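Notes follow once the structure below has been shown.
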Amino acid sequence: MASPRTVTIVALSVTLGLFFVFMGTIKLTPRLSRDAHGEMKRAYKSYVKALPALKNIGVSSVFLRKTIGSLELACGIILTLVPGRPRDVANFILLLLVLIVLFFHQLVGDPLKRYAHALVFGILLTCRLLVSRQPDEEFPDKKIRGSNGEHLRETSKMKVS
């Protein structure tokens with residue numbers, strides 16, 4: 001049976017991965033939702049307007065939206081399907097993207113309801129990364145003697161109360 005740590009990591013990975021696949025797809029194409037895609041286009045135009053340094057270095061709102069959407073899509077797929085270290089790397093990249101998006105929301109003065117989902121998913125990404133980086137707990141075996149003097153092994157069990 002899988003450990004609770006493994007179940008938690010897999011559940012968070014799949015849930016977060018699917019969310020970012022969905023959000024990345026919305027940023028890239030209007031096929032899933034024309035309204036949401038249009039809203040993303042408007043939002044990224046306001047982000048570039050609010051940060052003139054982006055325009056000065058030649059970053060357009062389309063480039064910014066498509067870059068962030070592509071990264072979200074790719075990292076979401078990795079988080080959902082690929083086991084091991086690539087998941088942690090994708091998790092870290094998504095966490096950085098969430099921080100960037102939160103910065104943009106603050107920059108343009110969006111109300112909390114516009115970026116609450118980014119806060120929640122940022123916290124979930126942080127939790128997933130922390131749980132995945134925790135070492136597995138291994139309890140040392142205790143050796144005890146049986147009634148006839150033979151060595152018996154008793155594995156330590158963690159009490160949950």
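Keep in mind that what you see is a predicted model, and the values were worked out from it rather than measured.
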**OP:** Taking the side chain as every heavy atom from C-beta outward, state whether F20 and T15 have any pair of such atoms under 4.5 Å apart.
**Re:** no
Subject >> Those residues that, when tested against R34, pass side-chain hydrogen bond (donor to acceptor under 3.5 Å, both in side chains) (two or more places apart) >> reply: none
**OP:** Name all residues meeting the side-chain contact (heavy atoms from CB on, under 4.5 Å) criterion together with K41; count only those two or more places apart in sequence or in a different chain, and write none if there are none.
**Re:** H37, R65
Original post:
Of all residues at least two apart in sequence or in a different chain, which pass the side-chain hydrogen bond (donor to acceptor under 3.5 Å, both in side chains) check with S46?
Top reply: none
**OP:** Give the minimum heavy-atom separation between V21 and G76, together with the two atoms involved.
**Re:** CG2-C, 3.6 Å
**OP:** Tell me, please, which residues at least two apart from I100 pass side-chain contact (heavy atoms from CB on, under 4.5 Å).
**Re:** F104
Subject >> salt bridge (charged side-chain N to carboxylate O under 4.0 Å, His left out) contacts touching residues 1-14 (sequence neighbours left out) >> reply: R5-D136
Original post:
For A11, which residues count as a side-chain contact (heavy atoms from CB on, under 4.5 Å) partner, sequence neighbours excluded?
Top reply: none
Subject >> Closest non-hydrogen atom pair, V108 against A50 >> reply: CG1-CB, 3.6 Å
Original post:
Tell me the side-chain hydrogen bond (donor to acceptor under 3.5 Å, both in side chains) pairs involving residues 82-107, sequence neighbours left out?
Top reply: Y47-H105, D88-R128, D88-S132, D88-R133, N91-R128, H105-D110, Q106-Y115
**OP:** Please report the shortest heavy-atom distance between I78 and P86, naming the atom on each side.
**Re:** CG2-O, 3.5 Å
Subject >> Non-neighbouring partners of L28 that pass side-chain contact (heavy atoms from CB on, under 4.5 Å), sequence neighbours left out >> reply: K66, S70, L73
Subject >> Nearest atoms (heavy-atom pairs only) where C75 meets I93 >> reply: SG-CG2, 3.6 Å
Original post:
Any donor-acceptor pair under 3.5 Å linking the side chain of T29 with the backbone of T25?
Top reply: no
**OP:** Might you point out which heavy atoms bring L71 and L94 nearest each other, and give the distance in Å?
**Re:** O-CD2, 4.5 Å
Original post:
Linking Ile, Leu, Val, Met, Phe, Trp and Tyr by side-chain heavy atoms under 4.5 Å, what else ends up with I9?
Top reply: V131
**OP:** May I have all residue pairs that pass salt bridge (charged side-chain N to carboxylate O under 4.0 Å, His left out) and include part of residues 11-30, sequence neighbours excluded?
**Re:** K27-E72
Subject >> Members besides L18 in its Ile/Leu/Val/Met/Phe/Trp/Tyr cluster (side-chain heavy atoms under 4.5 Å) >> reply: V10, V14
Subject >> Cluster link L130 to V89, ILVMFWY, side chain under 4.5 Å >> reply: no
Original post:
Going by heavy atoms in the side chains, are E39 and R114 under 4.5 Å from each other?
Top reply: yes
Subject >> Minimal non-hydrogen separation, A36 against S33, with atom names >> reply: N-OG, 3.2 Å
Subject >> Validation row: F103, L99 side chains within 4.5 angstrom (heavy atoms) >> reply: no
Original post:
Are V82 and F22 connected in the hydrophobic side-chain network, where two residues link if heavy atoms are under 4.5 Å apart?
Top reply: no
Please tabulate, for side-chain N and O atoms in residues 119-126, each donor-acceptor pair with protein atoms closer than 3.5 Å (sequence neighbours left out).
from	atom 1	to	atom 2	distance (Å)
T126	OG1	G122	O	2.9

